[in-house]
Amino acid sequence: MTQNSLRETVRVDLGDRSYDIVIGPGLIAEAGAQIAAREPGIRCAVVTDRNVAAAHLDALLGSLAASGIEAAPLVLEPGEKTKRFDELVHVCDHVLGARLERGDAVLALGGGVIGDLSGFAAGIVRRGMGFIQVPTSLLAQVDSSVGGKTGINSSHGKNLIGVFHQPDLVLADTDVLDTLPIREFRAGYAEVAKYGLIDRPEFFAWLEKNWRDVFSGGEARIRAIATGCQAKADAVAADEREHGSRALLNLGHTFGHALEAATDYDGRRLVHGEGVAIGMVLAHEFSARMNLASPDDARRVGHHLREVGLPTVMSDIEGELPPTDILMKHIAQDKKVRRGALTFVLTRGIGQSFVADDVPADEVFRFLEEKRAS
Ligand SMILES: NC(=O)c1ccc[n+]([C@@H]2O[C@H](COP(=O)([O-])OP(=O)(O)OC[C@H]3O[C@@H](n4cnc5c(N)ncnc54)[C@H](O)[C@@H]3O)[C@@H](O)[C@H]2O)c1
Ligand SMILES: O=C(O)C(=O)C[C@@H](O)[C@H](O)[C@H](O)COP(=O)(O)O
Ligand SMILES: [Zn+2]
């Protein structure tokens, strides 16, 4: 990690596909110069959503134009339901209609929804073109803009269709978080805390003490984002395509994704980071039930996430959830399933997560039934 006053740069080491994540204030105004310095002559399709466009699109387009970068903007509807096939076709048609070449780029200006969808388009148009991430939600700055997982949802489940396609550059302008709704900031915080729970117990302890400063902005926020990006960069460099250790980044996601699918990706009821928050508490509780970890750790995780204002139990989700066998059907579609056996990220304690193969489905079923009843 290199530091320059409030600017931090984290490098994702992937040989000839390595790239920088630049983090700090004022980066949208500088985006044109940052991109032109790395890719002279490049043109961009700028994909964003209506909320982000209202607050930040003009500034980005101005910055690109000032550096002589031609840009073709496309504004989509906000929300998880935009991660679907017809919107993928929409983005691909837009990129082709603008006559962008393989060496040009799709630039994602937005949260994880826009990043995942645009990255998928960049990965398949002309069999793979340039991709630049300008993440605008906390979740996207600390997680989804890094690592090259792209994709869309299916009626069969979350993120089931997609490709790995790494970005060439990530510009995380921390100023833009000032316009992010507080509910979305909290949701992104769940993925920040995740890195502590995976294998950085001292980071989790730091968050327990300093989360108010992370929420209020400034140095603590930048430190939290840079620590998260470094953790993600390390995990991706070690196992780019999730053959093994990268699966740790999925802590809380097997339960969380099932809950997102069970609520029909309705962001009024549950957004991704909230599903991850509930999922991480469930993963710690399930680990305790399997005698792998102390129930005190599960209580500590639940206490912290609840303290910042996140939902932590299934009953926090508004409205009825479908029966447990439907949740199990979603869990069985998880991409970590091997030869029909469930794989979960479980834990031996705070910061001691591990990938558990062959988790008995009947134990998971009984556990979920009990949790729903309690
Ligand atoms: N590819 C990955 O590695 C990865 C990692 C984590 C999550 N994800 C995916 O990311 C998605 C969730 O991302 P998200 O939480 O960013 O959701 P999102 O993209 O829906 O953004 C959240 C909301 O905030 C708004 N918004 C974003 N930035 C804003 C800003 N600066 N000012 C005002 N409004 C703003 C958006 O319009 C949207 O309404 C999920 O689909 C999840 O599966 C992917
Ligand atoms: O980058 C990863 O690897 C992750 O698992 C990060 C997660 O936060 C993210 O939500 C990811 O999209 C989930 O991946 P999936 O393979 O379970 O769809
Ligand atoms: Zn996630």
Side-chain angles (χ1 to χ4, degrees), residues 28 47-57 59-60 75-84 108-120 133-154 157-167 172-192 194-195 198 228 231-233 235-236 238-242 245-254 256-258 260-261 265 267-268 270-277 279-280 333-337 343 345:
I28 291 224
V47 184
T48 189
D49 74 29
R50 192 164 29 77
N51 297 335
V52 177
H56 305 293
L57 181 59
L60 179 72
V75 180
L76 304 175
E77 280 306 295
E80 187 69 32
K81 285 182 194 284
T82 292
K83 268 174 65 171
R84 62 173 199 261
L109 172 72
V113 165
I114 290 298
D116 282 11
L117 176 73
S118 319
F120 191 6
Q133 288 265 23
V134 182
T136 63
S137 66
L138 176 62
L139 184 143
Q141 296 197 347
V142 83
D143 190 348
S144 64
S145 63
V146 178
K149 274 191 182 177
T150 76
I152 56 173
N153 304 322
S154 144
K158 175 90 181 171
N159 295 340
L160 291 184
I161 305 163
V163 295
F164 283 97
H165 187 63
Q166 297 293 342
D173 182 339
T174 49
D175 285 340
V176 304
L177 299 179
D178 293 344
T179 61
L180 186 68
I182 181 67
R183 181 180 172 198
E184 298 294 349
F185 193 92
R186 288 191 185 112
Y189 183 86
E191 302 268 28
V192 176
K194 177 183 78 175
Y195 296 114
I198 292 173
K232 181 136 190 192
V236 169
D239 175 23
E240 184 183 7
R241 294 200 167 219
E242 200 176 290
S245 57
R246 180 170 178 167
L248 292 172
L249 296 175
N250 236 242
L251 174 64
H253 284 64
T254 314
H257 280 173
E260 283 187 84
Y265 309 111
R268 281 167 308 180
L270 188 74
V271 295
H272 176 75
E274 294 171 341
V276 171
M280 290 195 300
Q333 278 281 13
D334 184 85
K335 292 183 285 316
K336 298 187 297 305
V337 168
T343 299
V345 182

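Order of appearance sets the numbers: ligands from 1, and atoms from 1 within every ligand. Just so it is clear, the values below take in all heavy atoms, side chains as well, and ignore hydrogens, waters and symmetry mates.
- Distance alone, capped at 3.5 Å, places no donor-acceptor pair between the T150 side chain and the G162 backbone.
- Judged purely by atom type and a 3.5 angstrom limit, E184 has no side-chain atom pairing as donor or acceptor with the backbone of P181.
- In this structure, the protein non-hydrogen atom closest to atom 7 (C) of ligand 2 is H253 NE2, 3.3 Å.
- Across I114 and V47, no two heavy atoms sit closer than the pair CG2-O, 3.3 Å.
- Taking each heavy atom of V345 and N250 in turn, the nearest pair found is CG2-C, 4.0 Å.
- Annotation: side chain of D116 is not in contact with side chain of I152 (no heavy-atom distance under 4.5 Å).
- Taking every heavy atom of L249 and a limit of under 4.0 angstrom, the matching atoms of ligand 2 come to 1 (O), 2 (C), 3 (O), 4 (C), 5 (O), 6 (C), 7 (C).
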### Query
Between K149 and N159, is a side chain to side chain donor-acceptor pair (under 3.5 Å) present by the stated rule, with each step listed?
CA-CA 9 Å; K149 274 191 182 177; N159 295 340; over 6 Å; no
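- Remark: side-chain polar atoms of Y265 are not paired, donor with acceptor, to backbone N or O of K83 under 3.5 angstrom.
- Side-chain contact check for Q333 and H257: no donor-acceptor pair (N or O, by modelled atom type) lies under 3.5 Å.
- A donor-acceptor contact shorter than 3.5 Å links the side chain of R246 to the backbone of E240.
- For ligand 1, residues of the protein lying within 4.0 angstrom by heavy-atom distance are D49, N51, V52, H56, P78, E80, K83, G111, G112, V113, D116, T136, S137, L139, D143, S144, K149, K158, N159, V176, T179, L180, P181, E184, E191, K232, H272.
- Between the NE2 atom of H253 and the NE2 atom of H272, the angle centred on the Zn ion (ligand 3) amounts to 100° when rounded to 10°.
- Annotation: D116 places no N or O atom under 3.5 Å from an N or O atom of ligand 2; distance criterion only.
- Under a 3.5 Å cut-off, the side chain of Q141 and the backbone N or O of D173 do form a donor-acceptor pair.
- With ligand atoms numbered from 1 in the order given, ligand 2 contributes 6 (C), 7 (C), 8 (O) to contacts under 4.0 Å with heavy atoms of D143.
- Nearest to atom 12 (O) of ligand 2 among the protein's heavy atoms is N159 ND2, 3.3 Å.
- Contact atoms of ligand 2 toward K232: 1 (O), 2 (C), 6 (C) (distance under 4.0 Å to a heavy atom of the residue).
- Heavy-atom contacts of E242 reach the following atoms of ligand 2: 3 (O) (cutoff under 4.0 Å).
- A donor-acceptor contact under 3.5 angstrom links the side chains of T179 and H56, judged on distance only.
- Listed by atom number, the atoms of ligand 2 under 4.0 Å from K335 heavy atoms are 15 (P), 16 (O), 17 (O), 18 (O).
- In the vicinity of H272, heavy-atom distances shorter than 4.0 Å reach the ligand 2 atoms 10 (O).
- At least one heavy atom of H257 sits closer than 4.0 Å to an atom of ligand 2.
- Counting backbone and side-chain atoms alike, E191 contributes an N/O/S atom closer than 2.8 Å to the Zn ion (ligand 3).
- Nearest protein heavy-atom contact of atom 17 (O) of ligand 2 is N250 ND2, 3.0 Å.
- Proximity of K194 to ligand 2 is established by a heavy-atom distance of less than 4.0 Å.
- Close contacts of ligand 2 with K149, meaning ligand atoms under 4.0 Å from a residue heavy atom, involve 1 (O), 2 (C), 3 (O), 4 (C), 5 (O), 14 (O), 15 (P), 16 (O).
- Between E242 and K336 there is no salt bridge, since none of the side-chain N atoms of the basic residue sits less than 4.0 Å from a carboxylate O of the acidic one.
- Near R246, with a cut-off below 4.0 Å to any heavy atom, the atoms of ligand 2 are 1 (O), 2 (C), 3 (O).
- Between the side chain of E77 and the main chain of D49, no donor-acceptor pair closer than 3.5 Å is present.
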